[in-house]
Amino acid sequence: MLRRIGQYWRIVGTGFSFAIFGLGGLFLRIAIFPMLKLVIWEHELQVALSRKVIRFSFIAFIGIMRVLGVLRFTISGLERLERQGLLIIANHPTLIDTIFLMALVKRADCVVKNELWNNPFTRGPVRAAGYINNASGSNLIDDCIISLQKGSNLIIFPEGTRTPENGAITLKRGAANIAVRGERNITPVTIRCTPSTLGKGEKWWQVPSRWVHFSIQIGEDIDIHPFIDENSNEVLAVRHLTNYLQDYFNKENERHAFA
């Protein structure tokens with residue numbers, strides 16, 4: 001009986017958290033970011049402050065979910081994110097992985113789906129923060145490399161969508177392209193959610209009967225130079241690096257499943 005009451009409470013808490021998230025995004029769009037544009041004329045400073053505002057908003061959102069008893073989390077290797085110009089690659093098991101990483105990473109940049117640029121709740125923040133639109137086509141890789149060169153920490157979810165229910169991770173080659181062409185080592189982040197919630201095909205109200213626990217592990221950097229040195233061209237280097245990263249994340253998932 002107590003477990004059922006707790007589950008109902010977490011459904012309410014989850015719905016309340018997402019309502020706050022949506023209203024907060026709208027408030028940032030109509031009040032905070034227009035004010036920043038009025039008082040700060042220098043574009044780079046506008047972007048930097050907008051990203052700080054978004055980061056602290058996401059920290060608050062995660063804090064609300066924790067206080068309401070919706071989730072708990074542990075983080076290991078956080079010190080590895082205390083650098084600039086990182087290419088951060090993560091798996092994508094849940095709807096709020098981006099929020100977690102954007103809350104943890106300072107000077108974060110990311111690739112945003114084009115539809116978010118026109119969403120009334122998100123277009124204000126993503127445009128003000130100067131995030132990279134995935135509709136930029138052939139310029140997308142170059143935009144990502146330029147962001148890294150400026151010292152931003154670029155977060156990429158190379159699956160392109162949330163991990164399917166069977167847990168099998170399949171990566172697209174975009175992240176490896178950025179790493180090889182930009183000659184950037186990769187900082188891998190493994191995200192685990194137990195029990196599963198907010199996954200692909202799951203509704204927000206499909207809340208497990210017990211607390212959800214997120215485990216976020218920041219791994220040691222993956223050196224990409226052996227992939228460049230051992231292959232005759234960039235195409236082969238990108239292909240082999242993508243296969244390596246795919247094996248890496250699948251092995252991490254399997255290790256967790258049998259732990």
Side-chain angles (χ1 to χ4, degrees), residues 1-32 53-76 78 90-105 108 110 112-113 115-116 118-126 155 157 159-169 189-218 249 252-259:
M1 181 66 178
L2 289 177
R3 175 170 289 191
R4 181 58 61 86
I5 292 173
Q7 184 177 19
Y8 288 149
W9 169 254
R10 284 189 292 278
I11 292 172
V12 173
T14 302
F16 177 78
S17 299
F18 281 119
I20 292 294
F21 183 84
L23 291 173
L26 193 58
F27 175 71
L28 292 178
R29 176 195 165 194
I30 64 177
I32 301 301
V53 169
I54 290 171
R55 178 171 179 253
F56 288 119
S57 298
F58 286 176
I59 290 172
F61 175 74
I62 297 296
I64 288 171
M65 296 192 85
R66 183 172 63 174
V67 168
L68 292 175
V70 174
L71 57 79
R72 298 172 179 173
F73 59 87
T74 55
I75 303 166
S76 62
L78 185 60
N91 63 317
H92 198 2
T94 82
L95 183 63
I96 60 174
D97 305 327
T98 305
I99 296 172
F100 260 111
L101 285 188
M102 297 290 280
L104 293 175
V105 177
C110 64
V112 177
K113 291 181 179 180
E115 52 262 34
L116 294 180
N118 300 308
N119 184 301
F121 296 104
T122 58
R123 70 185 184 190
V126 300
I155 300 170
F157 295 93
E159 293 172 86
T161 185
R162 279 174 279 173
T163 307
E165 189 176 355
N166 62 12
I169 293 175
V189 177
T190 305
I191 303 172
R192 305 181 184 93
C193 177
T194 309
S196 174
T197 189
L198 299 175
K200 191 170 186 177
E202 292 182 292
K203 307 298 184 183
W204 68 263
W205 60 83
Q206 294 175 316
V207 174
S209 60
R210 61 186 176 91
W211 279 75
V212 169
H213 181 262
F214 279 80
S215 171
I216 301 175
Q217 180 181 350
I218 299 95
F249 284 112
E252 287 295 310
N253 269 358
E254 290 173 6
R255 186 169 63 86
H256 172 67
F258 293 104

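A quick note: this is a predicted structure, and the numbers were derived from the prediction, not measured.
Considering only heavy atoms from C-beta on, Leu68 comes within 4.5 Å of Ser17 through its side chain. Between Val189 and Phe100, every side-chain heavy-atom pair lies at or beyond the 4.5 Å cut-off. Two residues are said to be in side-chain contact when any heavy atoms from C-beta on lie closer than 4.5 Å; Phe61 and Ile64 fail this criterion. The closest side-chain heavy-atom distance from Thr98 to Ile155 is not below 4.5 Å. Side-chain contact between Thr197 and Leu71: absent, with no pair of heavy atoms (C-beta onward) separated by less than 4.5 Å.
Legend: residues meeting side chain to side chain contact (heavy atoms under 4.5 Å, CB included) with Pro93, ordered by chain and number and at least two apart, are Asn91, Asp97, Ile191.
Using bins of under 30°, 30° to 60° and over 60° for the plane-to-plane angle, the ring pair Phe58/Phe21 lands in the parallel bin.
The backbone N or O of Ser209 lies less than 3.5 Å from a partner atom in the side chain of Arg10, making a donor-acceptor pair. Between the Trp205 side chain and the Thr14 main chain, no donor and acceptor come within less than 3.5 Å of each other. Remark: the backbone N or O of Gln217 is not paired with any side-chain donor or acceptor of Arg192 at under 3.5 angstrom. Counting only distance, with no hydrogens or angles, the side chain of Glu159 and the backbone of His92 share a donor-acceptor pair below 3.5 Å. With hydrogens and angles ignored, the 3.5 Å screen pairs a side-chain donor or acceptor of Gln7 with a backbone N or O of Val207.
Crowding of Arg66 atom CZ: a count of heavy atoms from other residues, nucleotides or ligands under 6.0 Å not exceeding 12. More than 12 heavy atoms of other shown residues, nucleotides or ligands fall within 6.0 angstrom of atom CH2 in Trp211.
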